[in-house]
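Inspection log for the structure reproduced underneath, given as structure tokens.
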Amino acid sequence: MATVLSIADAVKQRFAQAISIAFPDAADSDPQLRRSDRADFQANGFMSLAKPLRANPREVAVRVLENLAADEVIANLEVSGPGFINVSVTDAAILERLAARAADTRLGVGSSAAPGVTVIDYSQPNIAKEMHVGHLRSTIIGDALVRILKFSGETVIKRNHLGDWGTQFGMLIQYLLEHPGELDEGKESADSGPSMSRLNRLYKASRALFDSDTEFANRSRLRVVDLQAGDEETVASWQRMVDESKLYFEAVYANLDVLLEDNDAIGESYYNHMLADVCADLEASGVAVRSDGALCVFFDDIKGQGGEPTPLIVQKSDGGYGYATTDLAAIRDRVGMLGANQLLYIVDSRQALHFQMVFETARRADWLPDDVRALHLGFGTVLGKDGKPFKTRSGETVRLMDLLDEAVDRAGTVVSEKSPQLASEELEDRAKQVGIGAVKYADLSTSRTRDYIFDADRMVSLNGDTGTYLQYAYARIQSILRKTPEGVTPTAHRDLALEPAERALGLLLDEFGATVDLVAETFEPHRLCAYLHNLASAYTTFYEHCPVLKAPTREVMETRLLLCQLTGQTLRQGMDLLGIGTPERL
RNA sequence: GCGCUCAUAGCUCAACGGAUAGAGCACUUGACUACGGAUCAAGAGGUUGCAGGUUCGAAUCCUGCUGAGCGCACCA
């Protein structure tokens, strides 16, 4: 593994040196180097540098430029406009990096100099309940961030904070104990798989009985107490539902092709035995106080409707605990036991106030020291085409499995039209990669914070700015590489003059590492999507203008093959960081 | 009432305070015995919700307004 210094960084180094010579007092001033449509790069930093010096920006740029010269990287420099410096780079610098990146398993991308430990909390389905569209974004975004942070060198601990505890389980357990055969095999209809089908039936049956039979409802409430107390029979019954649900979750995760495993599933129940201690500590330290019988934490700047302060309730007046307490226990555990210095929560934006209060409470309790970062990475609500929360025609929440099945079905139709000779097994595999990839790309390519319109037609569309377009570009590259003539090796010939389409592609390939770094810092996967789409577009332009296998000379052919190869490697690596598959053929 | 998020092409969305605000879809026009056309090239489409302010420079930062979504005491 060899880290490759990007052209942008090489140019920045030269600018930094030139600035420190020309303006020693402003030696660390940022040259603000950006890509440009007037040259390869433009440096914007001299207008702002001129301000405190009370100097003319163009003259500042000229003085910096006097300390720069063309060399093996820089081909040409010119001052332009109010004080920009336009920079062109040499073809040799591009070619040299292409070769170095293609030869490296990480494409020459370095790891973080100071990696930390990140705990990332995402997906969070509820036991005995069907997963729906609301879980889709959390799972997909979380999965992509896990992959990206790992790649950047971070130690990543995944946490699937299952909703596996609470009063609703009294009803389910009571029903299961009274109807011991309810979760047995053989009585299910195949909709979301047998596990979920059995749980659905149990849920509906117990709910119906709970609503119609007050005696059963009372028994259910008592059952909650047994569960809290750890009664053996009750816990065994609860465990059975948890196990059954996990089978279903694992099926969904396998279908979605995400990294979550059974080990990552640390549900609310895991923290149950810590809750009393958490509350005792908060009360003893004075962070929390009693109010109307509940144990509460108050905040100066958080007020409710009547101007009354809105507290975080860590213990209800009946002695029970809510999810705030569980979240606090989890923070204490993740920082204290797991050694995390960064906590990420991939949760619906509507929970913003909750996390604000939880984080502030944890800070006051000293469970969250200043050097540990805690971030709620919220995301928008999933809406239907009408702009309203996504529902089926009958008004029910849409099941995640149905969504994925639909995407895969449509992808399968198109794949089979294009490749009718495929064996059904292979067709199924490709349809899955295309369909799931389309769903993920549609979700990840839009910025996280906004509401998200779920448009199945657009998302599964195989044209345009979609995951399929990227997969197609990748497959075409592989097709060319397979046809490489005997004895020809992809090689960057340094002395070749590059055509515009080749330069554009080469410069873009050199930016992959910076893009990944940016996403790892900002937690914004859509920037990686945009990069990959640009890359695929640049490739198709290159592909149209620069014949590869019919190239005029052997050197040109080998160089273009290397461009193809590195584009393929970069697409595959980038899509892998998004959790999107890259089939060799579509 | 207070708070959070948002408002950009007909639609769905981008744009780390930099020069002429970009993609995709849809639309118009070109290129097909094709290194896989699931493609490419070109065109048209904009007072960045409104009004001020800061700045050499604002879609971006600040203030106000309008409009939308969401959240505000024992559900999670």
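Labels below follow one simple rule: chain letters A, B, ... track the order of the sequence lines, proteins then strands, and each chain is numbered from 1. All values below come from the heavy atoms of this structure, side chains included, with hydrogens, waters and symmetry mates left out.
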Span that lies between the [atom1] atom of [M] and that of [N], in whole angstrom:
| N | M | atom1 | answer |
| --- | --- | --- | --- |
| B/U29 | B/G18 | C1' | 35 Å |
| B/G69 | B/U8 | P | 15 Å |
| B/G22 | B/A14 | C1' | 7 Å |
| B/A58 | B/G53 | C1' | 11 Å |
| B/C25 | B/C70 | C1' | 29 Å |

Phosphate OP1/OP2 of [N]: any [X] side-chain N/O under 4.0 Å:
| X | N | result |
| --- | --- | --- |
| A/Thr541 | B/A41 | yes |
| A/Thr449 | B/U5 | no |
| A/Ser349 | B/C4 | no |
| A/Gln351 | B/C4 | no |
| A/Arg450 | B/A14 | yes |
| A/Lys303 | B/G3 | no |

Looking at [Y], I'd like to know if the NZ or CZ of [X] sits under 6.0 Å from its six-membered ring centre while staying within 45 degrees of the ring's axis.
| X | Y | value |
| --- | --- | --- |
| A/Arg572 | A/Tyr474 | no |
| A/Arg34 | A/Phe41 | no |
| A/Arg63 | A/Phe23 | yes |

Separation of [N] [atom2] from [X] [atom1] (nearest whole Å):
| X | N | atom1 | atom2 | answer |
| --- | --- | --- | --- | --- |
| A/Asp37 | B/U20 | CG | C1' | 8 Å |
| A/Leu470 | B/A38 | CG | P | 17 Å |
| A/Gln42 | B/G18 | CD | C1' | 7 Å |
| A/Glu268 | B/A76 | CD | P | 8 Å |
| A/Glu521 | B/C16 | CD | P | 14 Å |
| A/Tyr452 | B/G69 | OH | C1' | 18 Å |
| A/Leu535 | B/A23 | CG | P | 16 Å |
| A/Asp348 | B/C75 | CG | C1' | 15 Å |

[X]-[Y] side chain donor-acceptor pair, cut-off 3.5 Å:
| X | Y | result |
| --- | --- | --- |
| A/Gln351 | A/Tyr323 | yes |
| A/Ser220 | A/Gln174 | no |
| A/Ser269 | A/Asn272 | no |
| A/Tyr270 | A/Asp164 | no |
| A/Glu78 | A/Asn76 | no |

Review point. Pick the nucleotide of RNA chain B nearest each of A/Gly307 and A/Gln32; which residue has the one closer to the 5' end?
Key: A/Gly307
Exercise for review: Name the residue closer to the 5' end of RNA chain B, choosing between A/Glu524 and A/Asp292 according to the nucleotide with the nearest heavy atom.
Suggested key: A/Glu524
Ignoring hydrogens and geometry beyond distance, is the side chain of [X] in donor-acceptor contact with the base of [N] at under 3.5 Å?
| X | N | result |
| --- | --- | --- |
| A/Ser80 | B/A19 | yes |
| A/Asp465 | B/A14 | no |
| A/Ser291 | B/A73 | yes |

Check your understanding: Does the ring of A/Phe84 lie flat against the base of B/G18, closer than 5.5 Å centre to centre with planes under 30°?
Key -> no
Once you apply a heavy-atom cut-off of 4.0 Å, does [X] come out as touching a base, just sugar-phosphate, or nothing?
| X | result |
| --- | --- |
| A/Ala294 | base |
| A/Ile313 | base |
| A/Thr310 | sugar-phosphate |
| A/Phe355 | nothing |
| A/Gly322 | sugar-phosphate |
| A/Pro311 | base |

Of all the nucleotides listed ([options]), which has the minimum atom distance to the side chain of [X]?
| X | options | value |
| --- | --- | --- |
| A/Lys51 | B/C13, B/G18, B/U55 | B/U55 |
| A/Arg34 | B/A38, B/C13, B/G18 | B/G18 |
| A/His533 | B/A73, B/A23, B/C40 | B/A23 |
| A/Arg38 | B/A15, B/C56, B/U20 | B/U20 |

Under 3.5 Å, which donor-acceptor pairs link side chains of residues 539-549 of chain A to any protein atom two or more places apart or in another chain?
unit_1: A/Thr540; atom_1: OG1; unit_2: A/Ala536; atom_2: O; d: 3.3
unit_1: A/Thr540; atom_1: OG1; unit_2: A/Ser537; atom_2: O; d: 2.8
unit_1: A/Thr541; atom_1: OG1; unit_2: A/Ser537; atom_2: O; d: 3.0
unit_1: A/His545; atom_1: ND1; unit_2: A/Thr541; atom_2: O; d: 2.8

Check your understanding: Centres of the A/Tyr271 and A/His161 rings: under 6.0 Å?
Key -> yes
Enumerate all atom pairs, one protein N or O and one N or O from nucleotides 32-36 of chain B, separated by less than 3.5 Å.
unit_1: B/C35; atom_1: OP2; unit_2: A/Lys550; atom_2: NZ; d: 2.8
unit_1: B/C35; atom_1: O3'; unit_2: A/Lys483; atom_2: NZ; d: 3.2
unit_1: B/C35; atom_1: O2; unit_2: A/Leu549; atom_2: N; d: 3.4
unit_1: B/C35; atom_1: N3; unit_2: A/Val548; atom_2: N; d: 3.2
unit_1: B/C35; atom_1: N4; unit_2: A/Tyr543; atom_2: O; d: 2.3
unit_1: B/G36; atom_1: OP1; unit_2: A/Ser479; atom_2: OG; d: 3.1
unit_1: B/G36; atom_1: OP2; unit_2: A/Ser479; atom_2: OG; d: 3.2
unit_1: B/G36; atom_1: OP2; unit_2: A/Lys483; atom_2: NZ; d: 2.2
unit_1: B/G36; atom_1: N7; unit_2: A/Ser479; atom_2: OG; d: 3.3
unit_1: B/G36; atom_1: O6; unit_2: A/Ala475; atom_2: O; d: 3.3

**Study point:** CD (A/Glu428) with more than 12 external heavy atoms under 6.0 Å
**Key:** no
Study note, to complete from the structure: Stems with RNA chain B, 3 or more Watson-Crick or G-U pairs in a row (under 3.5 Å), are B:1-5 with B:68-72, B:10-13 with B:22-25, B:27-31 with B:39-43, B:49-53 with B:61-65
Check your understanding: Are A/Glu499 and A/Arg560 close enough for a salt bridge, meaning some N to O gap below 4.0 Å?
Key -> yes
